[in-house]
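The sequence lines fix the lettering, A, B, ..., with proteins before strands; numbering per chain opens at 1.
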Number of protein chains: 2
Amino acid sequence: MTNERLQHAVESLKKTKVRMTPQRHAILEFLFETMTHPTADEIYKALEGKFPNMSVATVYNNLRVFKEAGIVKELTYGDSSSRFDSITNNHYHIICNDCGKIVDFHYPALDEVETLAEHVTNFEVKSHRMEIYGKCPQCRSEQNVVHS
Amino acid sequence: MTNERLQHAVESLKKTKVRMTPQRHAILEFLFETMTHPTADEIYKALEGKFPNMSVATVYNNLRVFKEAGIVKELTYGDSSSRFDSITNNHYHIICNDCGKIVDFHYPALDEVETLAEHVTNFEVKSHRMEIYGKCPQCRSEQNVVHS
DNA sequence: ACACTAAATTATAAGAATTACAATGTAATA
DNA sequence: TATTACATTGTAATTCTTATAATTTAGTGT
């Protein structure tokens with residue numbers, strides 16, 4: 001199913017004038033198979049085995065292309081660098097304040113909030129963003145350890 | 001009422017070992033009275049009349065202190081610099097994709113989502129973040145102008 | 001298969017936001 | 001008023017991201 005989504009993405013890119021290079025394909029592939037919401041640099045490092053000469057700029061360029069094509073979403077948290085996530089349906093993220101882990105979490109889209117906001121503010125609503133913050137199970141249990 | 005909230009913030013800071021300097025107070029004051037969700041640099045520029053020798057580092061240092069004290073919230077969007085907002089109750093933001101304007105928008109907190117996430121993921125939930133994106137009334141009307 | 005052209009990649013430099021650091025200054029306390 | 005720990009200042013360093021120019025290459029038509 002990863003492959004199916006990947007195929008779909010590649011085809012939707014080809015429909016516009018976006019060429020399919022090996023680097024570009026590898027970045028896409030990585031984004032679709034990983035579950036880790038990587039940073040640009042993590043993508044770069046993950047692929048330097050396969051593409052020893054690839055430039056970081058290539059990663060950034062492609063992430064921009066993918067974003068513009070609606071294939072990939074940029075996640076900006078408090079920390080310095082953005083993370084990137086291939087877009088899937090209706091899931092949100094819950095993030096650990098202590099260790100930074102990001103876990104997917106399914107929930108129907110908050111259409112109601114969008115509609116209400118539209119009426120109240122007279123904006124034309126396009127999208128929304130929601131995240132939940134807390135402490136993950138691992139960090140919770142570490143905290144509970146009694147230090148003697 | 002701005003003054004009341006400011007007072008309260010100052011006092012809660014003094015309770016810990018945070019000293020009240022003129023610069024710190026001015027930054028707090030500015031954050032509580034402005035409606036504009038300023039960047040660190042905007043705060044710096046806004047106060048350079050009063051404090052010609054203030055360093056940008058001071059602004060950043062204090063914003064970190066305020067964040068740690070739970071008085072101020074950092075908003076990170078896709079663009080390069082963070083914005084800062086004094087924490088108030090139960091309001092969210094709707095942001096214009098075209099001009100960047102941020103408008104407050106009241107809505108009861110999404111407690112239900114927090115509760116559900118807690119059960120599903122076994123995180124200990126602390127907070128959440130939600131924003132809505134779209135096009136503001138001004139940008140909408142500009143778009144509709146017919147160019148002859 | 002070959003050539004053409006627009007787009008992509010690479011390498012590097014530049015830019016911008018934020019943080020680190022050392023020296024100096026100052027708020028809170030006794 | 002003296003003391004001390006915290007704050008500020010100025011600057012340098014760091015980090016993330018973007019811009020640029022030269023080179024390479026994917027996709028297309030012949």
Student: Calculate the interatomic distance between F51(A) atom CZ and dT9(C) atom P; express it in whole Å.
Tutor: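 Interatomic distance, CZ of F51(A) to P of dT9(C): 10 Å.
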Student: In whole Å, I'd like the distance from the NE2 atom of H25(B) to the C1' atom of dA27(C).
Tutor: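 Computing the H25(B):NE2 to dA27(C):C1' distance gives 14 Å.
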Student: Are the side chain of T34(A) and the backbone N or O of F30(A) linked by a donor-acceptor pair below 3.5 Å?
Tutor: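 Checked: no pair found.
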Student: In terms of side-chain heavy atoms of T21(A), which of dT19(C), dA28(C), dT9(C) is nearest?
Tutor: dT9(C)
Student: Tell me if a side-chain donor or acceptor on R140(A) pairs with a main-chain N or O of N122(B) at a distance below 3.5 Å.
Tutor: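 Between the backbone of N122(B) and the side chain of R140(A) there is a qualifying donor-acceptor contact (under 3.5 Å).
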Student: Just by modelled atom types, is the R19(B) backbone N or O under 3.5 Å from a matching donor or acceptor in the R24(B) side chain?
Tutor: yes
Student: Between T76(B) and S82(B), is there a donor-acceptor pair closer than 3.5 Å when you use the side chain of the first and the backbone of the second?
Tutor: no
Student: Just N and O in the side chain of S55(A): are any of them under 4.0 Å from OP1 or OP2 of dA11(C)?
Tutor: no
Student: From CG of N62(A) over to P of dA7(C), roughly how many Å is that when rounded to an integer?
Tutor: 15 Å
Student: Taking S141(A) for its side chain and Q138(A) for its backbone only, find out whether a donor-acceptor pair lies under 3.5 Å.
Tutor: yes
Student: With a non-hydrogen cut-off below 4.0 angstrom, is D41(A) in contact with a base, only sugar-phosphate, or nothing?
Tutor: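 Answer is nothing: D41(A) stays at 4.0 Å or more from every strand.
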Student: Can you tell me the distance, in whole Å, between the OH atom of Y44(B) and the C1' atom of dA16(C)?
Tutor: 15 Å
Student: Please work out if V56(A) contacts a base, only the sugar-phosphate, or nothing of the nucleic acid, heavy-atom cut-off 4.0 Å.
Tutor: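 Nothing, no nucleic acid heavy atom in range.
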Student: From CD of Q23(A) over to C1' of dT10(C), roughly how many Å is that when rounded to an integer?
Tutor: 9 Å
Student: Looking at I87(B), is its backbone amide N or carbonyl O close enough to the side chain of R5(B) to form a donor-acceptor pair, meaning the two atoms are under 3.5 Å apart?
Tutor: yes
Student: For a quick check of understanding: with a heavy-atom distance under 4.0 Å over all strands, which category does T58(B) fall into, base, sugar-phosphate or nothing?
Tutor: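 Here T58(B) touches the bases of the nucleic acid.
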Student: Nearest whole angstrom, please: distance from the C1' of dA17(C) to the NZ of K45(B).
Tutor: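 Atom-to-atom, K45(B) to dA17(C), this comes out as 12 Å.
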Student: Considering only side-chain heavy atoms of Y60(B), which listed nucleotide, dA17(C), dA8(C), dA28(C), is closest?
Tutor: dA17(C)
Student: Does T39(A) reach a base, just sugar-phosphate, or nothing at all? Heavy atoms under 4.0 Å.
Tutor: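 It contacts nothing in the nucleic acid.
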Student: Between C1' on dA6(C) and CZ on R19(A), what's the gap in Å once rounded to a whole number?
Tutor: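 For the pair R19(A) CZ and dA6(C) C1', the rounded distance is 5 Å.
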Student: What is the distance, rounded to the nearest whole Å, between atom CG of L47(A) and atom P of dT10(C)?
Tutor: 11 Å
Student: Please figure out whether K17(A) or N53(A) has its closest DNA chain C nucleotide nearer the 5' end.
Tutor: K17(A)
Student: Can you see if the side chain of S80(A) gets near the phosphate of dA17(C) - specifically, an N or O under 4.0 Å from OP1 or OP2?
Tutor: no
Student: Using a 4.5 Å cut-off on heavy atoms from C-beta on, say whether the side chain of V10(A) contacts that of K14(A).
Tutor: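 Yes, side chains in contact.
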Student: Between N61(B) and P52(A), which residue's closest nucleotide on DNA chain C lies nearer the 5′ terminus?
Tutor: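 Its nearest nucleotide lies further toward 5', so the answer is P52(A).
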Student: Going 5' to 3' along DNA chain D, which are the first and last nucleotides with any atom under 4.0 Å from a heavy atom of chain A?
Tutor: dC16(D) to dG27(D)
